[in-house]
Amino acid sequence: MSLAEDIKAIPVDKTPEVINDFSIVAATVNGSGSQTSNLTLIRALFRMGIPVNGKNLFPSNISGLPTWYTIRVNKDGYIARKERAEILVAFNPQTAAEDIQALPPGGVCIYPAESKLPLVREDIVYYSVPVKPFVEATGADPKLREKFASMVYVGALAELLGIDRQEIRAALSQQFRGKEKVVDQNFQVIVSAADWVKENITKKDPYRVERMEATRGKILIDGNSAAALGAIFGGVTVAAWYPITPSTSLIEALQSYLPKLRTDKDGNHTYAVVQAEDEMAALGIVLGAGWAGARAMTSTSGPGISLMTEFAGLGFFAEIPGVIWDIQRIGPSTGLPTRVSQGDVLKVYFLGHGDTRHVCLIPGTVAECFEFGYKAFDLAERLQTPVFVLSDLDLGMNLWMSDPFEYPSEPMDRGKVLSAEDLQRIGEFARYRDVDGDGIPYRTLPGTDHPLAAYFTRGSGHNEYAQYSERPDDWRRNMERLRRKHETARKLVPKPVMESWTGSDVGIVSFGSVHHPVMEAIDLLAEKGLSTDYLRIRALPLEETLREFIRKHDRTYVIELNHDGQMANLIRMEFPEVADKVISIAYCDGLPMTANYIANALLEKEC
């Protein structure tokens with residue numbers, strides 16, 4: 001029996017066409033070159049005007065272990081992860097059996113003919129495609145041929161789904177800029193595989209794509225790259241870091257953009273990127289640069305945040321500006337380095353010993369990663385304090401659609417910095433005195449040419465003149481001023497966004513990347529007859545808008561990607577008078593949250 005006859009012999013449910021509404025999961029081996037193939041697919045679909053999102057589930061080793069990349073195509077613009085993908089690319093024999101069992105009835109499995117995969121399910125469609133002949137035809141070095149193998153499934157999907165071949169070539173050209181030979185070799189494999197599928201396989205599944213106009217004027221970018229661009233527009237001049245997944249790509253993006261955007265007229269770099277010996281040293285460099293007047297930042301994840309605790313406390317108490325990006329991953333301890341969570345909320349907000357509370361920005365989109373990339377510096381210098389930006393692996397490392405970013409509309413805010421002329425005019429300078437009643441003192445920068453400009457920066461007890469003090473009244477006055485400054489920050493941080501309002505008795509609150517499944521879950525709940533209102537938190541300390549939102553609803557569900565409901569607990573602590581209205585829906589298994597989970601969990605609590 002021929003391969004084509006074998007496929008035709010499998011019973012298939014004849015369902016109506018499903019156009020631009022399905023998910024693909026490519027199950028491959030880490031280090032096999034599949035990431036390039038997956039990016040080619042997602043960019044080609046995007047170029048066809050179809051709303052699309054990609055999520056990479058990869059192991060924490062360098063190569064050899066299983067990896068899964070999910071591409072969601074949805075004509076309505078939903079881009080959150082679905083719990084089950086309809087189309088499986090089974091290019092990893094180690095996981096093929098389990099991956100096939102995860103397919104829904106009517107699903108599709110594309111697999112290499114060489115793998116001799118047993119066809120154990122009769123309620124799905126199997127497509128077997130040869131790989132070896134197409135790879136050998138490239139003439140590439142045998143050691144490199146493995147990298148071309150994943151392009152076979154790109155060709156198969158292109159033919160089966162109707163993905164435009166020229167858009168695929170354009171996506172390859174974007175991936176391999178200026179390397180036309182590499183583009184030609186990869187495209188040759190894709191076209192050969194697509195032609196083979198066209199000639200030898202009868203399509204028996206309902207899934208296909210059609211051109212749309214939904215991505216016109218939009219961009220595809222990951223959150224870490226957006227954050228790096230935002231930092232550059234915010235005037236970053238010093239970045240210190242230590243490699244850690246999933247934050248490394250933020251600094252790598254910074255290093256990619258800075259040489260193009262931050263050089264003087266003679267071509268000299270006007271920035272410094274320093275790889276420190278560890279995360280503690282990285283934050284120490286940032287605070288040293290911030291104290292000297294530079295706009296400085298670092299990027300890390302949960303374990304790195306732990307090492308930064310001592311310097312974070314110093315920055316808070318000595319009142320030194322700096323920006324720290326925390327691209328959250330799952331913990332505790334080393335945890336799962338390549339899985340996502342929102343588990344650092346309480347840890348970062350209170351990072352340091354004693355009565356420490358930090359300002360935190362929480363982007364929910366790649367556009368906000370860009371926006372908070374520059375606004376974090378303004379807040380850090382206005383408030384003279386470390387500012388943390390809480391992103392996560394899903395938002396940071398995966399590709400998202402976005403409108404083009406808006407250029408900053410306001411000039412940089414350097415905060416309360418006294419010049420030599422200011423000092424000469426006022427005749428006195430007390431570094432930690434609350435002159436304006438907002439808790440924010442005035443500062444000078446090193447090199448200010450005036451005898452009053454100097455002061456001693458210390459992390460130990462001090463009075464308003466920055467002199468060492470163990471007097472109880474000095475300590476209390478300083479802590480009360482820091483609390484006033486925190487209340488000022490409450491008015492300066494980005495306000496929550498009212499994403500949906502129906503006047504319902506039921507409210508939803510979320511933050512960060514959970515925003516995307518929440519938006520879809522709201523529609524699922526509406527289909528079940530439950531209307532909801534939705535407010536998205538964008539910063540800590542929590543702002544008054546949130547209190548009023550909770551007050552107006554009988555029940556407010558706080559949706560978050562961690563185990564203990566950290567944001568819900570923080571809301572109860574900060575707004576105790578409405579604590580009884582706050583209900584936590586917290587879940588974390590390392591994967592991005594889904595709309596179905598949110599809708600079902602909320603309906604279960606409503607019953």
Side-chain angles (χ1 to χ4, degrees), residues 240 279-298 300 304-324 326 344 346-361 376-377 379-389 414-418 429-446 453-490 492-493 539-541:
E279 289 88 348
M280 176 184 284
L283 185 52
I285 293 169
V286 167
L287 293 180
W291 175 83
R295 289 197 152 188
M297 65 173 286
T298 188
T300 190
I305 291 289
S306 298
L307 290 175
M308 292 178 178
T309 302
E310 184 175 355
F311 269 128
L314 172 65
F316 172 82
F317 195 53
E319 300 180 64
I320 304 170
V323 172
I324 304 98
D326 178 9
D344 293 348
L346 289 176
K347 171 184 176 180
V348 169
Y349 188 51
F350 296 110
L351 191 66
H353 57 278
D355 296 310
T356 304
R357 296 192 186 195
H358 292 291
V359 174
C360 303
L361 306 185
F377 287 112
L379 284 168
E381 293 205 295
R382 167 56 53 184
L383 295 165
Q384 298 171 32
T385 194
V387 168
F388 290 81
V389 188
R414 302 306 305 269
K416 299 181 180 183
V417 180
L418 296 175
F429 173 51
R431 170 66 181 96
Y432 297 111
R433 178 179 294 169
D434 186 3
V435 176
D436 302 319
D438 58 5
I440 306 172
Y442 285 80
R443 64 175 176 145
T444 58
L445 299 179
Y455 64 92
F456 195 89
T457 302
R458 62 174 78 244
S460 53
H462 49 265
N463 61 19
E464 65 181 17
Y465 292 99
Q467 297 166 339
Y468 179 78
S469 173
E470 295 186 9
R471 292 175 58 91
D473 54 341
D474 283 338
W475 181 265
R476 185 170 179 81
R477 274 196 297 270
N478 200 34
M479 294 306 297
E480 287 173 347
R481 180 185 59 76
L482 288 169
R483 181 55 57 89
R484 283 197 302 277
K485 184 167 78 168
H486 196 68
E487 291 304 310
T488 298
R490 201 182 298 274
L492 296 178
V493 297
L540 301 175

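All residue numbers refer to positions in the sequence shown, counting from 1.
- When side chains are defined from C-beta on, Tyr465 does not count as touching Tyr432, because their heavy atoms never get closer than 4.5 Å.
- Side-chain contact between Phe350 and Thr356: absent, with no pair of heavy atoms (C-beta onward) separated by less than 4.5 Å.
- Proximity of the aromatic rings of Tyr349 and His486 is defined here by a centroid distance below 6.0 angstrom, and this criterion is met.
- With hydrogens and angles left out, the side-chain atoms of Lys347 and Thr309 include no donor and acceptor closer than 3.5 Å.
- A search for salt bridge (charged side-chain N to carboxylate O under 4.0 Å, His left out) contacts involving Arg431 returns nothing, not counting sequence neighbours.
- The shortest side-chain heavy-atom distance between Val387 and Ile324 does not fall under the 4.5 Å cut-off.
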Which is it for Val359 and Val493 under the side chain to side chain contact (heavy atoms under 4.5 Å, CB included) test, yes or no, and what are the steps along the way? CA-CA 8 Å; Val359 174; Val493 297; 3.8 Å; yes
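- At a threshold of 4.5 Å between non-hydrogen side-chain atoms, the residues Thr300 and Met308 count as touching.
- Tyr468 places a side-chain heavy atom less than 4.5 Å from the side chain of Arg458.
- Residues Thr444 and Val417 fail the side-chain proximity criterion, which asks for heavy atoms closer than 4.5 Å.
- A donor-acceptor pair under 3.5 Å is formed between the side chain of Arg414 and the backbone N or O of Gly293.
- A salt bridge does not link Lys485 with Glu480: every distance from a Lys NZ or Arg NE/NH1/NH2 to an Asp or Glu carboxylate oxygen is 4.0 Å or more.
- Nearest heavy atom pair, residue Arg443 against residue Pro321, reads NH1-CG, 3.7 Å.
- Under the 3.5 Å distance criterion, the side-chain polar atoms of Asp344 are left unmatched by any main-chain donor or acceptor of Val348.
- Ring-plane geometry between His462 and Phe317 is classed as tilted, the angle between the planes lying from 30 to 60 degrees on a 0 to 90 degree scale.
- Heavy-atom neighbours of Arg483 CZ from other residues, nucleotides or ligands within 6.0 Å: at or below the threshold of 12.
- Judged purely by distance below 3.5 Å, without hydrogens or angles, the side chains of Ser469 and Trp475 never pair a donor atom with an acceptor atom.
- Taking every heavy atom of both residues into account, Ala380 and Val323 meet most closely at CB-CG2, 4.3 Å.
- In terms of the side-chain contact (heavy atoms from CB on, under 4.5 Å) criterion, residue partners of Glu310 (sequence neighbours excluded) are, by chain and number, Met280.
- Under the 4.0 Å criterion applied to side-chain N and carboxylate O atoms, Glu381 and Arg295 are assigned as salt-bridge partners.
- Considering only heavy atoms from C-beta on, Glu487 stays 4.5 Å or farther from Pro541 through its side chain.
- For Lys416, the side-chain hydrogen bond (donor to acceptor under 3.5 Å, both in side chains) criterion is met by Asp436, Asp438, not counting sequence neighbours.
- Taking 4.5 Å as the limit, every side-chain heavy atom of Gln384 sits out of range of all side-chain heavy atoms of Ile320.
- In terms of heavy-atom proximity, Thr457 sits nearest to Ala318 at CG2-CB, 3.8 Å.
- Atom-to-atom distance recorded for Asp326:CG and Leu361:CG is 12.5 Å, nearest 0.5 angstrom.
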Go through the steps for Asp474 and Arg477 under the test salt bridge (Lys or Arg N to Asp or Glu O under 4.0 Å), then give the verdict. CA-CA 5 Å; Asp474 283 338; Arg477 274 196 297 270; 2.7 Å; yes
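- The minimum heavy-atom distance linking Glu279 with Gly304 is given by the pair CG-CA, 3.4 Å.
- Put simply, the side chain of Thr298 never gets that close to the backbone of Leu283: no donor and acceptor are under 3.5 Å apart.
- A distance-only check finds no donor-acceptor pair linking the side chain of Asp434 to the backbone of Arg481 [under 3.5 Å].
- What you find for Gly290 and Ala296 is that their closest heavy atoms are N-CB, 4.3 Å.
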Report the C-alpha distance between Ile305 and Phe388 in whole Å, list the side-chain angles of each, state the deciding distance to 0.1 Å, and finish with yes or no for side chain to side chain contact (heavy atoms under 4.5 Å, CB included). CA-CA 10 Å; Ile305 291 289; Phe388 290 81; 4.0 Å; yes
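- A distance of 11.0 Å separates OH of Tyr442 from CZ of Phe429, quoted to the nearest 0.5 Å.
- Closest of all the heavy-atom pairs between Pro386 and Leu287 is CG-CD2, 4.4 Å.
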